[in-house]
Undergrad: 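So that we are looking at the same thing, I have put the structure below in structure tokens.
Nothing here was measured: the structure is a model prediction, and the numbers come from that model. Heavy atoms only: backbone and side chains are in, while hydrogens, waters and symmetry mates are out. First the proteins, then the strands, lettered A, B, ... as listed; each starts at 1.
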Amino acid sequence: MVGMLQTAYDGGNAADSLHHAVIGHRSAPLGSWNLPRDRCLSCELIGCFPGSLFPRREVIAGCCRHVWDMLSNGCRLRLALRPCCTLPPGWRLLTVTTLPVQSRKPAVRPWWEEKNYEDGVKWKFLEHRGPYFAPGYEPLPDDVRFLYDGEPMKLSLEAEEVATFYGKMLDHEYTTKEIFQKNFFTDWKTQMSKEEKKTIKQLYKCDFSEIHKYFYDKNEARKALPKEEKQKLKEETNKIQEEYGYCTLDGHREKIGNFKIEPPGLFRGRGDHPKMGMLKLRIRPEDVIINCSKDAKIPEPPPGHKWKEVRFDNAVTWLASWTENIQGSIKYIMLNPSSKLKGEKDWQKYETARRLKSVVTQIRSQYRLDWKSREMKKRQRAVALYFIDKLALRAGNEKEEGETADTVGCCSLRVEHIQLYPEMDGQHYVVEFDFLGKDSIRYYNKVPVEKEVFKNLKRFMENKNPDDDLFDRLNTSNLNKHLQDLMDGLTAKVFRTYNASITLQDQLKALTNEEDNVAAKILSYNRANRAVALLCNHQRALPKTFEKSMQNLQAKIDAKELQVKEAKKELKKAKADHKAKNLDRTKKEMEKKKKQRERLEEQLMKLKLQATDKEENKQVALGTSKLNYLDPRITVAWCKKYGVPIEKIYNKTQREKFAWAIDMTNEDFEF
DNA sequence: ACGATGACTTGTGGAAATACGG
DNA sequence: CCGTATTTCCACAAGTCATCGT
């Protein structure tokens with residue numbers, strides 16, 4: 001794979017530039033060479049401090065754009081200087097060509113190492129303060145009572161704490177569910193003293209209402225606090241954020257994503273979760289593993305406590321971890337998406353998706369052939385891949401029964417999840433999908449498919465029960481193995497990323513109108529975004545206040561229309577007045593009215609666009625695709641091309657997360 | 001081959017912050 | 001300035017996928 005990257009570069013010292021590209025205060029030799037595995041080339045090239053992957057624009061104008069493309073490990077590069085007619089005199093073009101990658105994969109990628117850079121600056125180094133623990137349990141005041149069978153009962157501290165978890169949730173739907181109640185009660189009993197266990201036999205005889213009221217009032221009181229008090233509380237959280245919320249990586253201060261340990265509580269599984277209501281235990285320092293550099297200052301555990309373990313594993317990216325007691329899975333403390341480490345991975349993800357673009361036609365014709373394969377396994381794989389590609393379905397790992405809610409993805413689809421219709425609404429070979437996907441979100445879709453697919457599905461379903469696997473010879477593991485053979489780094493989820501991003505790009509091309517004003521362009525963007533969200537099934541329930549707020553908006557539009565009418569009338573009057581008197585004053589008046597009319601009309605237009613957008617968006621959630629599936633460079637390029645300020649599309653957090661893309665993309669970026 | 005485990009990404013709901021209209 | 005609507009942020013659950021031991 002050879003990519004051509006170009007950077008404008010002021011040749012500076014002519015003699016030097018024959019052999020070296022001197023940028024900033026460092027130089028790189030011309031010619032071909034390997035990119036060192038553990039060094040960040042971009043820094044040397046542009047002369048910002050070691051380890052920074054977000055080179056500052058001001059270091060040297062115009063040269064930051066492509067450095068990201070040079071960063072893959074083991075990548076081979078060629079640097080050369082050429083004159084270029086589009087540059088000012090004296091400038092040369094620094095061309096950077098990526099040559100075919102030699103070793104495909106480095107064994108284990110170290111995220112940091114103990115190293116001193118030439119000038120004594122420490123980098124590749126991880127140091128942090130450790131996690132922030134949830135505050136301990138504060139017993140209820142004596143006047144807040146728990147009643148059993150109508151009788152007040154003072155609970156032991158342990159039992160009381162768990163009771164408050166339930167009491168707090170009393171107005172939540174969860175507490176009406178039988179499984180939730182059952183799980184809660186079972187786990188609550190484990191925290192009770194012998195006597196309590198003897199007394200408390202039935203959940204329905206428990207009265208948590210005073211506890212509920214206590215916490216409700218407490219919450220209200222907090223909301224009603226005077227301004228200064230609120231400010232004080234805020235400052236305290238800021239202090240905690242300052243102390244625990246950042247770490248040092250590669251000599252840079254990086255924001256941590258979730259530096260707080262999850263507090264104890266009742267497990268809130270989604271959908272029909274068999275474990276909902278179970279007690280999520282309090283995590284102590286003795287449960288926590290710390291990960292940092294060997295020569296970093298090891299974080300202090302809270303007084304009187306010890307860490308479970310301190311390790312120095314630079315092949316992983318987490319800072320701390322613990323095992324959670326509901327599913328027995330590990331929870332991690334990791335960096336914020338704005339960090340260099342996460343940003344680089346994000347960028348890699350989209351680069352993989354872009355590589356798929358160049359082979360996807362080939363892959364598609366391959367799976368079409370495989371529909372006719374003699375091997376059943378191959379056929380199933382080919383049909384599943386077709387769904388993953390066409391419908392952007394998730395891979396669908398198998399799940400342990402009874403441990404989680406019953407949800408499926410592509411490979412785990414069961415016979416009961418699809419219906420075949422040889423003909424429906426004038427279309428042939430329609431497949432109706434109806435199943436619960438991730439987070440128990442329903443996927444419902446009627447899709448006309450190719451005849452071969454239809455025939456295959458029919459065969460896969462023969463002699464099977466509704467709860468049998470549709471693709472009985474297939475799982476995600478062997479599907480992904482196959483995909484890996486088709487393209488390095490290809491897995492099922494890459495199709496989702498690829499199809500989402502390419503859809504955005506195509507839709508933007510189709511929908512954007514150069515002459516439109518900014519508001520209309522944003523509507524076009526949202527429409528393109530919406531097409532992706534629809535593809536990925538990112539639905540949302542109709543917001544509760546939707547009807548009301550829609551009415552409000554309509555009322556505003558009506559009012560504005562009236563204003564416009566009024567303004568028009570006034571303008572007419574002013575015009576007539578000016579015609580009659582022809583004075584400076586009347587002229588000014590007329591122009592003022594004219595401006596006013598224009599302003600109002602623009603406002604009206606904006607409101608109308610807003611209404612359209614809102615209406616079309618009522619059942620669709622745009623956030624997930626924007627954050628996880630759409631290559632931000634497409635958006636940045638679009639914004640630049642059509643003069644839409646990036647702030648109109650990405651809010652502050654999003655701009656931080658996509659800093660890498662904002663920095664390196666120009667308007668002709670193609671996904 | 002296969003199941004368990006570990007690490008990491010993706011997804012939703014609700015709280016907190018902010019914008020907005022009166 | 002206040003109360004409400006909307007947006008943003010955060011917590012944490014639920015996926016994907018690679019690797020490892022048997």
Undergrad: Tell me what A:G623 touches on the nucleic acid: a base, only sugar-phosphate, or nothing, going by heavy atoms under 4.0 Å.
TA: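 Nothing, no nucleic acid heavy atom in range.
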Undergrad: Where each residue is assigned the nucleotide of DNA chain B containing its nearest heavy atom, which of A:N537 and A:E400 is assigned the position nearer the 5′ end?
TA: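 The residue whose closest nucleotide sits nearer the 5' end is A:E400.
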Undergrad: Counting side-chain heavy atoms from C-beta on, which of B:dG11, B:dC8, C:dA13 comes nearest to A:W111?
TA: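 Of the candidates, B:dC8 comes closest.
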Undergrad: DNA chain C: A:Q654 or A:K399, which has the more 5' nearest nucleotide?
TA: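 Of the two residues, A:Q654 wins.
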Undergrad: Whether A:T407 contacts C:dA14 is assessed here as follows: a side-chain N or O lying under 4.0 Å from the phosphate OP1 or OP2. Is that the case?
TA: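 It does not, given that no N or O in the side chain of A:T407 lies less than 4.0 Å from OP1 or OP2 of C:dA14.
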Undergrad: Using a heavy-atom cut-off of 4.0 Å across all strands, would you classify A:P263 as base, sugar-phosphate, or nothing?
TA: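 It contacts sugar-phosphate atoms only.
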Undergrad: Measuring to OP1 and OP2 of C:dA14, would you say a side-chain N or O of A:R394 lies under 4.0 angstrom away?
TA: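 So the side chain of A:R394 is outside the cut-off, no N or O lying under 4.0 Å from OP1 or OP2 of C:dA14.
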Undergrad: Would A:E398 and A:R414 pass as an ion pair if we require N to O under 4.0 Å?
TA: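 No, this pair does not count.
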Undergrad: Take the protein atom NZ of A:K626 and the nucleotide atom C1' of B:dT9, then report the distance between them rounded to whole Å.
TA: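 These atoms are roughly 20 Å apart.
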Undergrad: Would you say a side-chain N or O of A:K349 is under 4.0 Å from OP1 or OP2 of B:dT10?
TA: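 For B:dT10, OP1/OP2 do have a side-chain N/O of A:K349 under 4.0 Å.
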Undergrad: Does the side chain of A:N397 get closer than 4.0 angstrom to OP1 or OP2 of C:dG15 through an N or O atom?
TA: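 For C:dG15, OP1/OP2 do not have a side-chain N/O of A:N397 under 4.0 Å.
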Undergrad: Nearest whole Å is fine: how far is B:dA7 P from A:E324 CD?
TA: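 So the CD-P distance, A:E324 to B:dA7, works out to 15 Å.
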Undergrad: Output yes when at least one side-chain N/O atom of A:K331 is less than 4.0 Å from OP1 or OP2 of C:dA13, else no.
TA: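 Yes.
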Undergrad: Hey, are A:E324 and A:K280 close enough for a salt bridge, meaning a charged N less than 4.0 Å from a carboxylate O?
TA: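 A:K280 and A:E324: not salt-bridged.
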Undergrad: Can you tell me how far C1' of B:dG11 sits from CG of A:L622, to the nearest Å?
TA: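 Going from A:L622 (CG) to B:dG11 (C1'), I get 14 Å.
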Undergrad: Does A:V316 or A:N475 map to a spot on DNA chain B nearer the 5' end, using the closest nucleotide for each?
TA: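 Looking at DNA chain B, the more 5' nearest nucleotide goes with A:N475.
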Undergrad: For B:dT18, does OP1 or OP2 lie under 4.0 Å from any side-chain N or O of A:K652?
TA: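 Checking A:K652 against B:dT18: no side-chain N or O falls below 4.0 Å of OP1 or OP2.
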Undergrad: Tell me: NZ of A:K223 to C1' of C:dC2, nearest whole Å?
TA: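 After rounding, the gap between these two atoms is 16 Å.
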Undergrad: Would you verify whether the NZ or CZ of A:K168 falls within 45 degrees of the ring axis of A:F215 while also being under 6.0 Å from that six-membered ring's centre?
TA: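 Because its charged atom sits under 6.0 Å from the ring centre and within 45° of the axis, A:K168 does stack over A:F215.
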Undergrad: Taking only side-chain N and O atoms of A:T317, does any of them lie within less than 4.0 angstrom of OP1 or OP2 on B:dC8?
TA: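 For B:dC8, OP1 or OP2 has a side-chain N or O of A:T317 closer than 4.0 Å.
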Undergrad: Any base atoms under 4.0 Å from A:T404, or only sugar-phosphate, or nothing? Heavy atoms, all strands.
TA: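 Result for A:T404 = nothing.
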Undergrad: Which one, B:dT9, B:dG11, C:dA13, comes nearest to the side chain of A:K345?
TA: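 Among B:dT9, B:dG11, C:dA13, the one nearest the side chain of A:K345 is B:dT9.
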Undergrad: Where the side chain of A:K260 is defined as all heavy atoms beyond and including C-beta, which of C:dA13, B:dG6, C:dA11 is the nearest nucleotide?
TA: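 Given the options C:dA13, B:dG6, C:dA11, the side chain of A:K260 is closest to C:dA11.
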Undergrad: On the nucleotide B:dT9, are OP1 or OP2 found under 4.0 Å from the side-chain N or O atoms that A:Y629 carries?
TA: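 Negative; the distance criterion is not met.
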Undergrad: Mind calculating the distance between CG (A:N325) and P (C:dA13) to the nearest angstrom?
TA: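 For the pair A:N325 CG and C:dA13 P, the rounded distance is 10 Å.
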Undergrad: What I want to find out is whether A:E220 reaches A:K223 closely enough, with some N-O distance under 4.0 Å, to be called a salt bridge.
TA: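 Here A:E220 pairs with A:K223 in a salt bridge, since their nearest N and O are under 4.0 Å apart.
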Undergrad: Taking 4.0 angstrom as the limit, do A:R282 and A:E161 come out as a salt bridge?
TA: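 A:E161 and A:R282: salt-bridged.
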Undergrad: May I ask you to say whether A:E375 pairs ionically with A:K377, meaning some side-chain N is under 4.0 Å from a carboxylate O?
TA: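 No, A:E375 and A:K377 are not salt-bridged.
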Undergrad: Is it true that A:K308 and A:D287 make a salt bridge, defined as a side-chain N closer than 4.0 Å to a carboxylate O?
TA: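 Salt bridge absent between A:K308 and A:D287.
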Undergrad: Select base, sugar-phosphate, or nothing to describe what A:G409 touches, counting heavy atoms under 4.0 Å on all strands.
TA: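 Nothing: the residue A:G409, judged by heavy atoms under 4.0 Å, touches no strand.
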Undergrad: Between C1' on C:dA14 and CZ on A:R268, what's the gap in Å once rounded to a whole number?
TA: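 Computing the A:R268:CZ to C:dA14:C1' distance gives 16 Å.
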Undergrad: Would you say a side-chain N or O of A:N651 is under 4.0 Å from OP1 or OP2 of C:dT8?
TA: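 True: A:N651 side-chain N/O within range (under 4.0 Å) of C:dT8 OP1/OP2.
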Undergrad: Would you say A:R496 places a side-chain N or O within less than 4.0 Å of OP1 or OP2 belonging to B:dG11?
TA: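 Yes.
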Undergrad: Any base atoms under 4.0 Å from A:A405, or only sugar-phosphate, or nothing? Heavy atoms, all strands.
TA: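 The residue A:A405 makes no contact with any strand.
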Undergrad: Counting any heavy atom closer than 4.0 Å, what does A:L627 reach on the DNA or RNA strands: base, sugar-phosphate only, or nothing?
TA: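 No contact at all - A:L627 keeps every heavy atom at 4.0 Å or more from the nucleic acid.
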Undergrad: Would you say that more than 12 heavy atoms from the other residues, nucleotides or ligands in this model lie under 6.0 Å from the CG of A:D272, or not?
TA: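 Open: at most 12 neighbouring heavy atoms sit under 6.0 Å from CG of A:D272.
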Undergrad: Has A:H538 got a side-chain N or O lying under 4.0 Å from the OP1 or OP2 atom of B:dT10?
TA: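 For A:H538, the contact criterion (side-chain N or O under 4.0 Å from OP1 or OP2 of B:dT10) is not met.
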Undergrad: Please check the phosphate of C:dC17 (OP1 and OP2 only) for any side-chain N or O of A:T491 closer than 4.0 Å.
TA: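 Yes, A:T491 has a side-chain N/O under 4.0 Å of OP1/OP2 on C:dC17.
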Undergrad: Calculate the interatomic distance between A:I240 atom CD1 and B:dA16 atom C1'; express it in whole Å.
TA: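 Spelled out: CD1 on A:I240 to C1' on B:dA16 is 16 Å.
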Undergrad: Tell me: CZ of A:F267 to P of B:dG13, nearest whole Å?
TA: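 It is 15 Å, rounded to the nearest whole Å.
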Undergrad: If you pin A:L266 and A:G396 to their nearest nucleotides in DNA chain C, which one's is more 5'?
TA: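 Upstream on the strand: A:L266.
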Undergrad: With a non-hydrogen cut-off below 4.0 angstrom, is A:Y332 in contact with a base, only sugar-phosphate, or nothing?
TA: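 Result for A:Y332 = base.
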Undergrad: Can you find a donor-acceptor N/O pair under 3.5 angstrom joining the side chain of A:K438 to the base of B:dT10?
TA: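 Check passes, donor-acceptor contact within cut-off.
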Undergrad: So which nucleotide from B:dT10, B:dG11, C:dA14 ends up closest to the side chain of A:H273?
TA: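 Nearest nucleotide to the side chain: C:dA14.
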Undergrad: Please determine whether a side-chain nitrogen or oxygen atom of A:K342 lies at a distance below 4.0 Å from atom OP1 or OP2 of B:dT9.
TA: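 For B:dT9, OP1/OP2 do have a side-chain N/O of A:K342 under 4.0 Å.
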Undergrad: Across the strands shown, which category fits A:K275 at heavy-atom distances under 4.0 angstrom: base, sugar-phosphate, nothing?
TA: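 Answer is nothing: A:K275 stays at 4.0 Å or more from every strand.
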Undergrad: Out of B:dT9, C:dC12, C:dA14, which has the shortest distance to the side chain of A:D439?
TA: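 So the nucleotide nearest the side chain must be C:dA14.
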Undergrad: Check every atom of C:dA18, B:dT12, B:dA17 against the side chain of A:N480 and return the nucleotide holding the closest atom.
TA: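 Nearest listed nucleotide: C:dA18.
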